[in-house]
A.B. asks: 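Quick one: the structure is below, and I'll ask about it shortly.
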There are 2 protein chains.
Amino acid sequence: MSFRVSIADVAREAGVSRQTVSRALNNKGEISDATLQRVLAVIDRLDYRPSTIARGLATRHTRTIGLIVPDIANAFFADISRGADDLAHPAGYSLLLRNTAEDPEREAELLGSLEQRAVDGVLLCSSRLSDECLADLVSRHEAVVLINRTLPGVSSVCVDDFCGAALRVAHLLRSGRRRIGVLSGTRMSHSGSERERGYRESLAEAGLPVDPALIARCAVPDIEGGYAAARGLLEAQPAIDGLICYNDLAATGALRACAELGRRVPDDVAVTGADDILLARLVTPALTTVRADRQAIGAAAARLLLGQLDGSANGCGCQSLVIEPELVIRASAP
Amino acid sequence: MSFRVSIADVAREAGVSRQTVSRALNNKGEISDATLQRVLAVIDRLDYRPSTIARGLATRHTRTIGLIVPDIANAFFADISRGADDLAHPAGYSLLLRNTAEDPEREAELLGSLEQRAVDGVLLCSSRLSDECLADLVSRHEAVVLINRTLPGVSSVCVDDFCGAALRVAHLLRSGRRRIGVLSGTRMSHSGSERERGYRESLAEAGLPVDPALIARCAVPDIEGGYAAARGLLEAQPAIDGLICYNDLAATGALRACAELGRRVPDDVAVTGADDILLARLVTPALTTVRADRQAIGAAAARLLLGQLDGSANGCGCQSLVIEPELVIRASAP
DNA sequence: TTGAAAGCGATACCAG
DNA sequence: CTGGTATCGCTTTCAA
């Protein structure tokens with residue numbers, strides 16, 4: 001527990017003022033090469049490291065980014081945060097991680113508390129707050145980038161979930177399916193509403209009726225939720241020959257429901273998921289799904305945020321990136 | 001972008017000294033109830049929040065914990081970090097996340113850089129640094145808890161990987177397997193060496209020879225690495241009737257190798273994994289594996305760390321927790 | 001090119 | 001119980 005070396009120690013040891021040490025540290029040029037070398041040598045000898053805290057107090061920024069996710073244990077967000085860290089770390093930024101546990105109230109509290117922790121900016125994933133509430137909290141931060149959520153005037157990176165659903169519907173239609181059901185997620189989230197809208201509009205565009213009886217909603221978009229919803233839907237609508245599932249987990253549940261009801265996949269029912277999680281290629285039959293590069297999403301969001309912080313995005317206001325997913329065709333819907 | 005209200009503003013507005021505001025903030029008692037109420041009212045009215053940075057400079061602690069993981073995109077570490085956050089957050093602590101990308105050099109650099117970011121303590125997962133190097137870096141921090149790594153004099157929470165491997169070997173022996181191979185991980189990690197040791201000693205204890213020809217090493221402990229290692233091992237040693245795999249991913253790769261080589265699982269070869277990730281129950285056949293509650297590990301580690309920080313662990317030096325895994329029997333090794 | 005002095009926004013210590 | 005003053009470790013501003 002050695003006592004910290006401070007800038008004053010270095011200054012004394014090198015026979016210069018603290019200011020000169022600071023200049024050597026930040027390498028701002030206004031220092032002669034001779035003193036620079038001398039100071040650096042002392043810094044090295046004493047193993048001195050400037051305190052981020054003190055520096056933060058003086059400069060008003062901390063090179064820290066707040067990352068708010070519903071649940072880091074969810075691979076979707078874990079990948080995003082890995083992508084964000086990979087981009088932020090080389091730029092000297094660290095991520096302060098917060099889990100909302102999918103609770104909007106907690107999300108609002110976290111966004112507020114980050115303020116006093118003095119982060120330079122915030123990456124916010126899949127916010128479920130109302131526009132008004134979100135706008136208010138966002139306005140308190142110097143820079144914010146939303147992931148899978150949009151808000152006027154705020155930068156964002158979103159997977160084009162509308163397109164992801166449309167791609168799958170088109171694929172099923174091409175393979176001759178005509179009664180396509182959907183296992184939907186919550187409409188409270190950006191992804192949930194967009195995926196359902198993609199389904200509806202694609203059918204309508206193809207001149208097919210959008211039958212509410214073909215829409216089931218998963219209580220929770222996981223394997224169990226997908227199983228229950230699929231089971232109910234398939235029993236009520238035996239003519240269904242294709243299924244658009246909210247995500248790969250729900251689709252996995254649907255596979256089980258099909259097996260139990262004796263419906264062959266893909267012969268009787270073609271099943272499609274979304275997200276292309278590890279699981280998708282490992283279940284039997286492997287899932288046709290849509291994929292967006294999640295680490296790339298995290299990196300893109302971090303890049304936008306750093307741009308705002310560096311001021312290199314000056315003037316261009318906010319930017320919104322839309323990541324187009326791609327269709328991955330496997331055995332469950334060839 | 002309203003200008004921040006500082007403690008001075010509150011003091012002026014309330015007609016008291018900054019010190020009194022500070023006392024109201026920290027509620028240390030030494031303040032009359034009347035002034036307390038008055039100050040709190042002003043704080044509320046101005047929507048004042050103390051700056052964590054300034055506070056950190058004065059108190060020398062930040063209520064931030066550094067969390068160093070090989071890869072947050074790996075479910076194992078994502079779960080641990082979720083568990084740690086769930087415990088740390090209510091106590092007012094935040095997690096600063098760092099990925100080492102499985103690179104020991106980067107790990108050392110991160111441990112060093114956290115120091116200047118002034119975290120109060122560090123949770124370090126699966127360190128691959130040498131004892132000397134690790135001890136040196138650890139000594140620079142006020143408090144450190146290691147996860148899946150031990151070091152004399154440092155608190156730790158470890159899954160009993162030795163036991164996890166032994167449980168599986170015993171299970172295979174009970175079911176009549178006699179030529180048991182192993183897909184090992186890197187010996188550089190605690191888990192890697194312990195799992196391999198569990199395999200060796202269990203065989204020896206059962207009076208069976210430990211044949212080096214039955215040991216294959218995965219270049220990377222993922223599906224591809226497991227596949228490659230299993231393929232090589234099974235081709236060289238066709239008599240193998242049981243397989244202890246480093247983790248569930250490697251075991252999943254082994255399943256594919258078996259399928260390609262025409263070895264039936266579990267009839268010809270019983271396959272076991274470790275960690276019980278989501279995937280384990282979803283592949284065909286479902287994997288027999290060992291499981292430890294990962295969120296509980298993260299929470300336990302955070303609890304130890306907070307104990308050290310609060311001083312409530314005073315005197316008792318360091319503590320080491322060992323989490324016993326349990327055997328989960330599924331179709332791949334009944 | 002260098003240094004002295006004044007913050008940044010809080011807490012700690014000591015008087016009263 | 002309350003207030004003045006020094007302090008935390010660094011950057012910024014202004015002179016020299």
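Values reported hereafter were calculated over all heavy atoms of this structure, with side chains retained and with hydrogens, waters and symmetry mates removed. The sequence lines fix the lettering, A, B, ..., with proteins before strands; numbering per chain opens at 1.
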A.B. asks: So, does A:Arg55 get its side chain near the phosphate of D:dT11, meaning an N or O under 4.0 Å from OP1 or OP2?
C.D. replies: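 Looking at the OP1 and OP2 atoms of D:dT11, one of them is under 4.0 Å from a side-chain N or O of A:Arg55.
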
A.B. asks: I want to check one thing: is the phosphate of D:dC10, taken as OP1 and OP2, less than 4.0 Å away from some side-chain N or O of A:Ser51?
C.D. replies: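 Checking D:dC10 against A:Ser51, no side-chain N or O comes under 4.0 Å of OP1 or OP2.
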
A.B. asks: For the pair made of CG in B:Asp9 and C1' in C:dC8, what is the distance, rounded to whole Å?
C.D. replies: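 About 13 Å, once rounded to whole Å.
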
A.B. asks: Calculate the interatomic distance between B:Asp33 atom CG and D:dC1 atom P; express it in whole Å.
C.D. replies: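 Distance, rounded to whole Å: 10 Å.
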
A.B. asks: What's the CZ-P distance between A:Arg18 and D:dC8, to the nearest Å?
C.D. replies: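 The distance from CZ of A:Arg18 to P of D:dC8 comes to 10 Å, rounded to the nearest Å.
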
A.B. asks: Closest to the A:Leu25 side chain: D:dG9, D:dT11, C:dG9?
C.D. replies: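 Output: D:dT11.
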
A.B. asks: Among D:dC10, D:dT11, C:dA10, which is the nearest nucleotide to the side chain of A:Tyr48?
C.D. replies: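 The answer is D:dC10, which lies nearest to the side chain.
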
A.B. asks: Between P on D:dT11 and CZ on A:Arg23, what's the gap in Å once rounded to a whole number?
C.D. replies: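 Whole-Å distance recorded here is 11 Å.
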
A.B. asks: So which nucleotide from D:dT11, C:dT2, C:dG9 ends up closest to the side chain of A:Ile31?
C.D. replies: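 Of D:dT11, C:dT2, C:dG9, C:dT2 is nearest to the side chain of A:Ile31.
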
A.B. asks: Reckon A:Val16 touches a base, only the sugar-phosphate, or nothing at all at heavy-atom distances under 4.0 Å?
C.D. replies: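 Sugar-phosphate: the residue A:Val16, judged by heavy atoms under 4.0 Å, touches backbone atoms but no base.
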
A.B. asks: Between the side chains of A:Asp120 and A:Thr62, does any donor sit under 3.5 Å from an acceptor?
C.D. replies: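 Result is yes, a qualifying pair exists.
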
A.B. asks: B:Arg12 CZ to D:dG4 C1': how many Å, rounded?
C.D. replies: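 Rounded to the whole Å, the gap is 18 Å.
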
A.B. asks: Side chain of B:Ser32: nearest nucleotide among D:dT11, D:dT2, D:dG9?
C.D. replies: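 That would be D:dT2.
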
A.B. asks: Salt-bridge test for B:Asp85 and A:Arg98: reply yes if a basic N is under 4.0 Å from a carboxylate O, no otherwise.
C.D. replies: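 A salt bridge is absent here (no side-chain N lies under 4.0 Å from a carboxylate O).
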
A.B. asks: Whether A:Ser22 contacts D:dT11 is assessed here as follows: a side-chain N or O lying under 4.0 Å from the phosphate OP1 or OP2. Is that the case?
C.D. replies: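 Yes, A:Ser22 has a side-chain N/O under 4.0 Å of OP1/OP2 on D:dT11.
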
A.B. asks: Mind calculating the distance between CD1 (B:Ile43) and C1' (C:dA10) to the nearest angstrom?
C.D. replies: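 Atom CD1 in B:Ile43 sits about 13 Å away from atom C1' in C:dA10.
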
A.B. asks: Please test B:His89 against A:Arg106 for side chain to side chain contact (heavy atoms under 4.5 Å, CB included), starting from the C-alpha separation and ending with a verdict.
C.D. replies: CA-CA 11 Å; B:His89 181 64; A:Arg106 191 156 169 199; 3.3 Å; yes

A.B. asks: Classify the side chain of B:Gln19 and the base of C:dA12 as holding, or not holding, a donor-acceptor pair under 3.5 Å.
C.D. replies: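 Per atom types, the contact qualifies.
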
A.B. asks: Nearest of C:dT2, D:dT12, C:dT11 to any side-chain atom of A:Thr35?
C.D. replies: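 For the A:Thr35 side chain, the nearest candidate turns out to be C:dT2.
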
A.B. asks: Here's a test of your reading of the structure: between B:Thr20 and B:Thr59, which maps to the more 5' nucleotide of DNA chain D?
C.D. replies: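 The 5'-side residue here is B:Thr20.
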
A.B. asks: Looking at A:Ser17, does any N or O in its side chain come under 4.0 Å of the phosphate oxygens OP1/OP2 on C:dT2?
C.D. replies: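 Looking at the OP1 and OP2 atoms of C:dT2, neither is under 4.0 Å from any side-chain N or O of A:Ser17.
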
A.B. asks: Measure CG/B:Leu57 against P/D:dT7 and give the value in whole Å, please.
C.D. replies: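 After rounding, the gap between these two atoms is 14 Å.
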
A.B. asks: Whether the B:Gln116 and A:Ser51 side chains hold a donor-acceptor pair (N or O, under 3.5 Å, no angle test) is what I'd like checked.
C.D. replies: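 No - no donor-acceptor pair under 3.5 Å links their side chains.
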
A.B. asks: In whole angstroms, how far is the C1' atom of C:dC8 from the CD1 atom of B:Ile53?
C.D. replies: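 In whole Å, C:dC8 C1' and B:Ile53 CD1 are 11 Å from each other.
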
A.B. asks: For A:Glu105, I'd like to know if atom CD has over 12 heavy atoms of other residues, nucleotides or ligands within 6.0 Å.
C.D. replies: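 No, the 6.0 Å shell around CD holds no more than 12 heavy atoms from other groups.
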
